[in-house]
> 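I have a structure I would like to understand better, so I am pasting it below and will then ask my questions one at a time.
For this chain, numbers begin at 1 and follow the sequence in order. Whatever order the structure lists ligands and atoms in, that order sets their numbers, starting from 1.
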Amino acid sequence: MTTPYLADNQPRFLEELLDWLRIPSVSADPKFQGDVRRAAEYLQARLAEAGVQNLALCETAGHPIVYGDYLAAGPGKPTVLVYGHYDVQPADPYELWTSPPFEPVIKDGNIYARGACDDKGQVYMHVKAFELMMRDGQGGVPCNIKFMFEGEEEIGSNNLGLFVQANKEKLKADVILLSDTGILANDVPSIEVGLRGLSYHEVEVTGPNRDLHSGLYGGAVQNPINALCQMIASLHDQHGHITIPGFYDNVEELSTAARAELAKAPFSDAEFEASIGLPASYGEAGYSTPERTSIRPTLDVNGIWGGYIGEGAKTVIASKAFAKISMRLVPNQTSDEITALFQQHFERIAPAGVTVQVRPHHGGEPVVTPTDSAAYQAAADAMETTFGKRPVPTRGGGSIPIVAMFKSELGIDSVLLGFGLDSDAIHSPNEHFGVFNFLKGIETIPHFYRNYAAAETR
Ligand code: BES
Ligand code: MN
Ligand code: MN
């Protein structure tokens with residue numbers, strides 16, 4: 001089914017991706033700042049070779065945005081804005097990788113490297129799909145395309161948000177296309193039609209003005225670590241509900257019919273449990289595992305620290321305890337509203353004897369994308385052609401905050417044409433991306449453009 005051009009050039013496509021993955025574009029860590037820029041320059045150069053025009057590295061207060069376009073399809077043709085991110089998550093802990101995160105290898109049909117799936121591998125599908133349309137003699141590029149790739153998705157996309165607000169005319173398009181999500185399985189194609197929002201906080205609990213001998217003082221002071229643990233434990237009840245007053249007030253309850261529709265996507269609890277080594281899954285009473293990870297909001301501790309964690313025993317009551325706490329949000333919660341509710345509640349439940357500080361980090365809004373649009377249908381038809389099966393719509397659990405901003409700031413809907421798998425270990429050690437998935441993406445994307453141009457040409 002794959003085109004001769006793809007078959008002939010696939011080894012080079014993979015080599016180029018591996019070269020890109022060698023550049024450690026970790027946006028969160030200032031020590032990699034130069035590498036992040038090198039990754040942007042590498043992407044810009046490959047886009048130029050493929051025939052993308054008007055290329056620029058757009059400077060921001062942080063890492064640069066790569067922009068380029070190809071508007072030769074003509075004014076009667078629709079315009080697609082392709083978004084993705086070339087930054088990656090930190091690779092720690094390095095010792096848990098079976099091969100080093102920035103020395104990519106192809107093993108058992110998978111590309112192993114930090115960013116292989118999230119999101120460099122998926123961005124590179126778009127670069128190569130464009131090259132293929134330009135060169136394979138199958139009719140050229142049927143849509144106008146604008147490419148915009150950022151280097152700060154993994155740290156909240158704040159500067160891209162400003163860039164979008166400042167460049168509304170330049171970014172005008174009929175639809176946004178991005179590949180930064182996944183499918184259910186390689187033989188169960190799917191398209192995510194929702195993303196959760198995010199409210200993220202660091203909390204600090206302070207007790208005595210110095211670390212204390214736990215024998216001399218123990219029993220007479222509120223221990224900040226004990227207090228923090230009690231406070232965190234109280235954030236869920238025995239049914240897995242979040243106890244913050246007002247937290248669920250705006251949560252959209254799906255109709256029975258809508259839930260039944262989503263439940264059509266195949267899912268096995270036993271396989272889910274086995275895939276992550278769990279004795280049993282867990283979650284909010286009254287909802288299935290796929291619902292708990294998509295249409296329901298959550299609260300999780302991402303990290304907790306304080307006191308003595310070195311070798312042996314030290315008898316001490318620490319002066320301070322800390323935690324990072326995040327909440328995944330669903331329509332129609334907003335991150336500002338939930339941030340305020342969390343902050344008030346967490347300060348209010350502090351037991352006597354400690355003080356609490358809540359510091360909000362980046363947030364993001366949840367989003368649901370339409371399934372009745374020409375662009376969604378073009379994507380579903382494209383996948384049906386290349387997978388031989390109609391994709392099912394799913395609601396995703398992850399967050400890509402800029403997608404809601406594309407809608408609110410530019411008025412443009414997105415199509416989440418992702419090709420990753422949950423088992424690709426994104427953000428974890430041994431992140432990988434299937435060669436099958438990479439090539440399937442390159443094969444599918446041109447079908448999307450053809451279908452979309454056929455439906456939307458005026
Ligand atoms: N690509 C992911 C989000 C994702 C993954 C959505 C898989 C759906 C399926 C993205 O790079 C990501 O990691 N987002 C962060 C949020 C960001 C603000 C740090 C997330 O979801 O934690
Ligand atoms: Mn991503
Ligand atoms: Mn990510």
Side-chain angles (χ1 to χ4, degrees), residues 21 25-29 36 39 62-63 82-91 101 113-126 148-161 176-185 190-202 265 290 293-295 297-303 324-330 335 338-339 360-369 393-406 414-429 431-434 437 441:
L21 291 169
S25 48
V26 180
S27 51
D29 187 342
V36 177
H63 303 301
V82 177
Y83 160 81
H85 64 94
Y86 65 85
D87 64 320
V88 302
Q89 283 278 326
R114 174 56 87 229
C117 174
D118 185 13
D119 184 30
K120 284 157 131 181
Q122 299 210 66
V123 164
Y124 215 63
M125 300 180 317
H126 284 271
M148 180 172 71
F149 301 115
E150 69 160 318
E152 302 193 322
E153 195 277 340
E154 301 292 9
I155 53 173
S157 301
N158 287 340
N159 289 308
L160 182 67
I176 314 274
L177 181 67
L178 62 148
S179 300
D180 194 22
T181 53
I183 52 176
L184 287 170
S190 58
I191 299 180
E192 289 189 21
V193 295
L195 294 164
R196 289 195 283 193
L198 197 63
S199 170
Y200 200 114
H201 304 266
E202 190 167 318
T293 59
S294 62
I295 59 167
T298 59
L299 182 151
D300 278 291
V301 178
N302 299 264
K324 290 180 195 275
I325 301 176
S326 68
M327 287 155 284
R328 296 279 171 175
L329 314 180
V330 300
S335 67
I338 294 300
T339 291
H361 279 250
H362 55 239
E365 306 307 331
V367 70
V368 172
T369 61
T394 60
R395 292 270 296 262
S399 306
I400 309 175
I402 201 67
V403 174
M405 279 198 70
F406 285 143
S414 294
V415 172
L416 304 166
L417 189 61
F419 292 87
L421 296 173
D422 282 355
S423 55
D424 285 342
I426 65 171
H427 295 205
S428 302
E431 175 178 354
H432 54 279
F433 189 39
N437 303 69

> Under a 3.5 Å distance rule, please check whether Asp119 uses its side chain to pair with a backbone N or O of His85 as donor and acceptor.
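Here the side-chain-to-backbone pair exists.
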
> With 2.8 Å as the limit, count the protein N, O or S atoms near the Mn ion (ligand 3).
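Number of qualifying protein atoms: 4.
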
> Do Phe433 and Phe419 make the cut of ring centroids closer than 6.0 angstrom?
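For Phe433 and Phe419, the ring centres are not under 6.0 Å apart.
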
> If you round to the nearest 0.5 Å, how far is CD of Glu192 from CG of Leu178?
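So the CG of Leu178 and the CD of Glu192 are separated by 10.0 Å.
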
> Quick check for you: to the nearest 0.5 Å, what is the distance between Ile155 atom CD1 and Leu160 atom CG?
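Rounded to the nearest 0.5 Å, the CD1-CG separation comes out at 11.5 Å.
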
> For the atom pair CG (Asp87) and OG (Ser27), what is the distance rounded to the nearest 0.5 Å?
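Between atom CG of Asp87 and atom OG of Ser27 there are 3.5 Å.
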
> Just verifying a value: how many Å separate Ser326 OG and His362 NE2, rounded to the nearest 0.5 Å?
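These two atoms lie 8.5 Å from each other.
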
> Going from OG on Ser428 to CG on Asp118, what distance comes out if it is rounded to the nearest 0.5 angstrom?
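The distance works out to 10.5 Å.
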
> What distance do Cys117 atom SG and Leu421 atom CG have between them, rounded to the nearest 0.5 Å?
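One gets 7.5 Å once the value is rounded to the nearest 0.5 Å.
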
> Going by heavy atoms in the side chains, are Leu417 and Thr181 under 4.5 Å from each other?
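Answer no - side chains too far apart.
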
> Enumerate the pairs of nitrogen or oxygen atoms, one from ligand 1 and one from the protein, separated by less than 3.5 angstrom; state names and distance to 0.1 Å.
unit_1: ligand 1; atom_1: 1 (N); unit_2: Asp118; atom_2: OD1; d: 3.3
unit_1: ligand 1; atom_1: 1 (N); unit_2: Asp180; atom_2: O; d: 2.9
unit_1: ligand 1; atom_1: 1 (N); unit_2: Asp180; atom_2: OD1; d: 2.8
unit_1: ligand 1; atom_1: 1 (N); unit_2: Asp180; atom_2: OD2; d: 3.0
unit_1: ligand 1; atom_1: 11 (O); unit_2: His85; atom_2: NE2; d: 3.2
unit_1: ligand 1; atom_1: 11 (O); unit_2: Asp118; atom_2: OD1; d: 3.1
unit_1: ligand 1; atom_1: 11 (O); unit_2: Asp118; atom_2: OD2; d: 3.3
unit_1: ligand 1; atom_1: 11 (O); unit_2: Glu153; atom_2: OE1; d: 2.7
unit_1: ligand 1; atom_1: 11 (O); unit_2: Glu154; atom_2: OE2; d: 3.1
unit_1: ligand 1; atom_1: 13 (O); unit_2: Glu154; atom_2: OE1; d: 3.3
unit_1: ligand 1; atom_1: 13 (O); unit_2: His427; atom_2: NE2; d: 2.8
unit_1: ligand 1; atom_1: 14 (N); unit_2: Glu153; atom_2: OE2; d: 3.4
unit_1: ligand 1; atom_1: 14 (N); unit_2: Ser399; atom_2: O; d: 2.8
unit_1: ligand 1; atom_1: 21 (O); unit_2: Arg328; atom_2: NH1; d: 2.8
unit_1: ligand 1; atom_1: 21 (O); unit_2: Ser399; atom_2: N; d: 3.0
unit_1: ligand 1; atom_1: 21 (O); unit_2: Ser399; atom_2: O; d: 3.4
unit_1: ligand 1; atom_1: 22 (O); unit_2: Arg328; atom_2: NH1; d: 3.4
unit_1: ligand 1; atom_1: 22 (O); unit_2: Arg328; atom_2: NH2; d: 2.7

